Amino acid sequence: MAVDRYNAPEREKHWRKAWDDAEIFRTEEDTSRPKYYVLEMFPYPSGRIHAGHVRNYTMGDVVARYKRAKGFNVLHPMGWDAFGMPAENAAMERKVHPKGWTYENIAAMRSQLQAIGLSLDWSREVATCDVEYYHQQQSLFLDFFNKGLVYRKKSKVNWDPVDQTVLANEQVIDGCGWRSGAPVEQRELSQWFLKITAYADDLLAALDTLDGWPEKVRVMQRNWIGKSEGLLMQFALEGKGLPAKQKTLEVFTTRPDTIFGASFCAISPGHPLAATLAKKDKALKEFIAECQRMGTSEEDIERAEKKGFDTGLTAAHPFEEGVKLPVYVANFILMDYGTGAIFGCPAHDQRDLDFARKYELSVTPVVIPEGENPKKFDVGDVAYIGPGLLANSSFLDGMTVEAAKDEIAGRLEARGEGERKINYRLRDWGISRQRYWGCPIPIIHCKKCGAVPVPKENLPVELPEDVTFDVPGNPLDRHPTWKDAVCPICGMPSQRETDTMDTFVDSSWYFARFCAPRDNKPVNRKAVDYWLPVDQYIGGIEHAILHLLYSRFFMRALTDTGHAAIKEPFARLFTQGMVNHETYKDASGAWVPADEVRIDGESGQRRAFHVSTGTELQIGPVEKMSKSKKNTIDPDAIIAHYGADTTRWFMLSDSPPERDVVWSDEGVQGAWRFAQRLWRIVAEASENCAKKGAKQPDAFSPAAEELRRATHRMADAVSKNIENLRFNTAVAAIYGFANKFEAALQGQKTAKDASLNWAVREAAELVSQCIAPFMPHLAEECWARLGYNSLVAKQPWPGVEEALLVDDTITIAVQVNGKRRDELTVQRDAAQADIEAAALELDGVKRAIEGRAVKKIIVVPQRIVNVVA
RNA sequence: GCGGGUGUGGCGGAAUUGGUAGACGCGCUGGACUCAAAAUCCAGUUCUGGUGACAGAGUGUCGGUUCGAGUCCGACCACCCGCACCA
């Protein structure tokens, strides 16, 4: 037979057109079938698809195609997270318009995604920069506003004085703007906030119900929300320079039980009291300035010494007459947690202990671990934070920590000097950005009426297109006319809000929009009631907190504003691993792009050479693909060369989906070889097997029986592995089956066996269907080769004959004293006594026993025999 | 420091949840086909000893439970990730 090859790139185009023509991935609501919503995190349209996208979307596509074949009504949409800074940067650097740049990128990436053969319903495509989309987002903003979930307040922001914009914390590197390099300033600006803290407790509690989420993500969110239960308490202040209005100091503590161990109070350098005192105290002013100069990076904090400034003020101990605690300004007290003030109990808090040792304050243990003598217990340099009984604590002595907390809280509440309080780390979400390429905040500022929402009938507030990027700052703010508006209440000339929304707002509800992407309301209630929650969400771990927490918040806010009726948007979440690649450096130590490297594996030694110059390169470690290390690969080129199926198959082979995968040419070639091989196998099988639809024989020869068992076992394994997202083991099952199938084809040549011919046909059909989620084009090719005019993509998932999954005779291992010595093939339902007898007759067993007496024989049916001698 | 996770051949990884450790792939070794190469096919591939049948060792380390442990328990080691002066 001539060496035939499957021309993947050409045939793949053909099959994609066939799917498009048949419109088989278009989805409508259909209450007669169970629904399944599978979603991958939508991409930012940077311009090129990268390997990580391919991996992410392929996984989702396997699930989508499988579930569709299983009879589910599958929603599998795609869109674009299209607002954001890169478009404006491109505008500044290359003098292109953000809009044009973005839509061109979308067009390029759409065709790249289509070349992967994803079973997406493109009719539902949305880009967050579409006017229709941000129109609806503005409408949602107004609904949230009316529900009290939106407010405006002054807050501190990172301000880049050169680019004249607010920077996110992540964009501040070593205290300087990431783009301009200018030292970032702290500025007080009025910002819009979404009241995510209103849901803090529910967002936390509901994490326990998210069984389909990775534990890791739930833990991260739990920590981020950071709930702590404690007590707000008032200390009476006295001393020289005490402001007239400041009679008390309010602190937050989670350990009110340790109040009798308190030896000082401390306030943050940012505390209003510190500022007041600093007006009359130069030294304090300098100390505060010094604290503010100190960096807030991890390293700085790690190295920073605990430092304090004694204000000379004292705080009266609430339960010990005459005891006065010195009040310090201390560098380790954060202004934005609790009240920005604490009482220090050195024996039971490491920071307080470090501080106390430095300033020689008393350290009195008040919680004594079991077995320690309260009189002798000394914490040394390590604060004791474990359980124990109270001591040295007046009326608390002998109580447990919990009882003591309760006692103190009760007494202070009775005196009106304390209040139980739950504190969260979670802050409200500041969404104002001084940027052009984002969703305009639909507000009009009127001198008389204040910040007034734009009436819904006047939406959308559209972005103007005639903007300039030649100078830094917000183009909306300096636009000659766009700002002009009239107050919707009083009709006076007013100004539009020129801030736009954080792009995380855009991605917080797109999954709901996909349910009815052209609806004239933001969210179509009927559609979301049918489709939501997303049954399987797939994306990167980097969104563990922000995007996933914001979306959970939005789902609740949508429900509270009548747009939906559920709280959790994503029933199951899967976080896939990254795609890594080897790195290469030339003699000068410069990174060499991976696509300019040729690998030579001769004599077992992997060596790298530069393609054009031929010089040898140094092979570096495998690392995450990144532009800086030049170890990215362009999936487009691989798809053009080997085809989408090979790329998809490779992406799912070998590595478990949650772990990182290493992209290697050898691996891609292996996948390509297998695609070719499978095609040959099915082609050969189709040539001399039973005709399609031939009647099932009454009896099967042993060879046919064996092939059928292998076939059905494979189909069963593939189903179960896809259900559990264990794509790598599904792939392995198909490989294993291909080996058996090929052996059967060899046998078929010599045997004139009609039942084997039938089994070969069955095998060819089932394997074509089972590879369809992974290699959908090749599956169609095979299906056609088998004589069908229909599409595999429209076939139901093959049923498995349960009877073929269990063998009549089974081979079990026989151990002697726990070591495997032989094996035994018996009838599946063989009697225990027979197995015991047969086991003792085995050569390997006899040899191992060496004539010793058999003490005991353990027979685990269908599993193992263990002879104890 | 706190939290989460991972340790299995040369490599990526399997292992029906306590029952034949190393499926499947990559790589490598030998062979067939070929003038040659590519492609393809066949055989082998945990380590040690042995021509061999076979024997011994073996899932990060040490110990325990069990007829039997990669899997369960205890103590440790290493690496990765997240958070971090949160009172």
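Chain letters run A, B, ... following the sequence lines, proteins first, then strands; residues in each count from 1. Since the structure is predicted, the reported quantities are computational estimates derived from the model, not experimental observations.
The residue Arg659(A) sits close only to the backbone: its heavy atoms come under 4.0 Å of sugar-phosphate atoms, none of a base. The residue Phe252(A) sits close to a base: some heavy atom pair falls under 4.0 Å. Heavy atoms of Asp352(A) sit nowhere under 4.0 angstrom from any nucleic acid atom. Among the heavy atoms of the strands lying under 4.0 Å from Pro656(A) are primed sugar atoms or P, OP1, OP2 only; no base atom is included. Across all strands shown, Val868(A) has heavy atoms under 4.0 Å from sugar-phosphate atoms exclusively, and none from any base. The residue Glu666(A) sits close only to the backbone: its heavy atoms come under 4.0 Å of sugar-phosphate atoms, none of a base. Here Arg726(A) lies in heavy-atom contact (under 4.0 Å) with sugar-phosphate atoms only. Across all strands shown, Arg427(A) has no heavy atoms under 4.0 Å from either base or sugar-phosphate atoms. Thr253(A) comes within 4.0 angstrom of the backbone, heavy atoms only, and of no base. Among the atoms of the strands shown, only primed sugar atoms or phosphate atoms (P, OP1, OP2) are found under 4.0 Å from some heavy atom of Ser228(A).
Between Asp807(A) and Arg828(A) there is no salt bridge, since none of the side-chain N atoms of the basic residue sits less than 4.0 Å from a carboxylate O of the acidic one. Look at Asp665(A) and Arg598(A) and you find no salt bridge, because none of the NZ, NE, NH1 or NH2 atoms lies under 4.0 Å from a carboxylate O. Using a 4.0 Å cut-off between a side-chain N of Lys or Arg and a carboxylate O of Asp or Glu, Glu215(A) and Arg222(A) qualify as a salt bridge. At a threshold of 4.0 Å, the pair Lys405(A)-Glu402(A) counts as salt-bridged, since one of the basic side-chain nitrogens sits closer than that to a carboxylate oxygen. Salt-bridge formation is detected for the pair Lys720(A)/Asp716(A): a Lys NZ or Arg NE/NH1/NH2 atom is positioned less than 4.0 Å from an Asp or Glu carboxylate oxygen.
Between rA14(B) and Asn728(A), a contact under 4.0 Å exists linking OP1 or OP2 to a side-chain N or O. The side chain of Tyr735(A) contributes no N or O atom lying less than 4.0 Å from OP1 or OP2 of rG25(B).
Side-chain N/O atoms of Asn866(A) and base N/O atoms of rC67(B) include a donor-acceptor pair closer than 3.5 Å. The base of rC67(B) lies outside donor-acceptor range of the side chain of Lys855(A), with no N or O pair under 3.5 Å.
Which of rC67(B), rG19(B), rA14(B) sits closest to the side chain of Lys856(A) comes down to rC67(B). Listed nucleotides: rG25(B), rA55(B), rA87(B). Nearest to the side chain of Asn739(A): rG25(B). For Arg863(A), counting side-chain heavy atoms from C-beta on, the closest listed nucleotide (rU16(B), rG25(B), rU20(B)) is rU16(B). In the set rC54(B), rA87(B), rC67(B), rC54(B) carries the atom at the smallest distance from any side-chain atom of Arg847(A). For Val860(A), the side-chain atoms get nearest to rG19(B) when compared with the rest of rU20(B), rG27(B), rG19(B).
With ring centers used as reference points, Tyr359(A) lies 6.0 Å or more from Phe264(A). Phe650(A) and Trp663(A) have their aromatic ring centers within a separation under 6.0 angstrom. Between Tyr735(A) and Trp649(A), the ring centre distance stays below 6.0 Å.
Sequence order on RNA chain B of the closest nucleotides to Arg425(A) and Met220(A) puts Met220(A) first from the 5' end. Sequence order on RNA chain B of the closest nucleotides to Met335(A) and Lys819(A) puts Lys819(A) first from the 5' end.
In summary, the side chains of Asn423(A) and Ser228(A) do not present any donor paired with an acceptor at a separation below 3.5 Å, with no hydrogens or angles considered.
Comparing rC76(B) with rG19(B), their P atoms sit 28 Å apart, to the nearest whole Å. To the nearest whole angstrom, the two P atoms, one in rC62(B) and one in rC77(B), are 15 Å apart. rA23(B) and rA78(B) have their P atoms separated by 32 Å, given to the nearest Å.
With its glycosidic angle more than 90° from 0, rG7(B) is assigned anti.
If you take CD of Glu658(A) and C1' of rA14(B), they are 13 Å apart, rounded to a whole angstrom. Separating the CG atom of Asp349(A) from the C1' atom of rA84(B) is a distance of 14 Å, rounded to the nearest angstrom.
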Base-pair string, RNA chain B, Watson-Crick plus G-U, cut-off 3.5 Å on both distances, | for inter-strand, is (((((((..(((......[....)))((((((.......))))))((((....))))..(((((..]....))))))))))))....
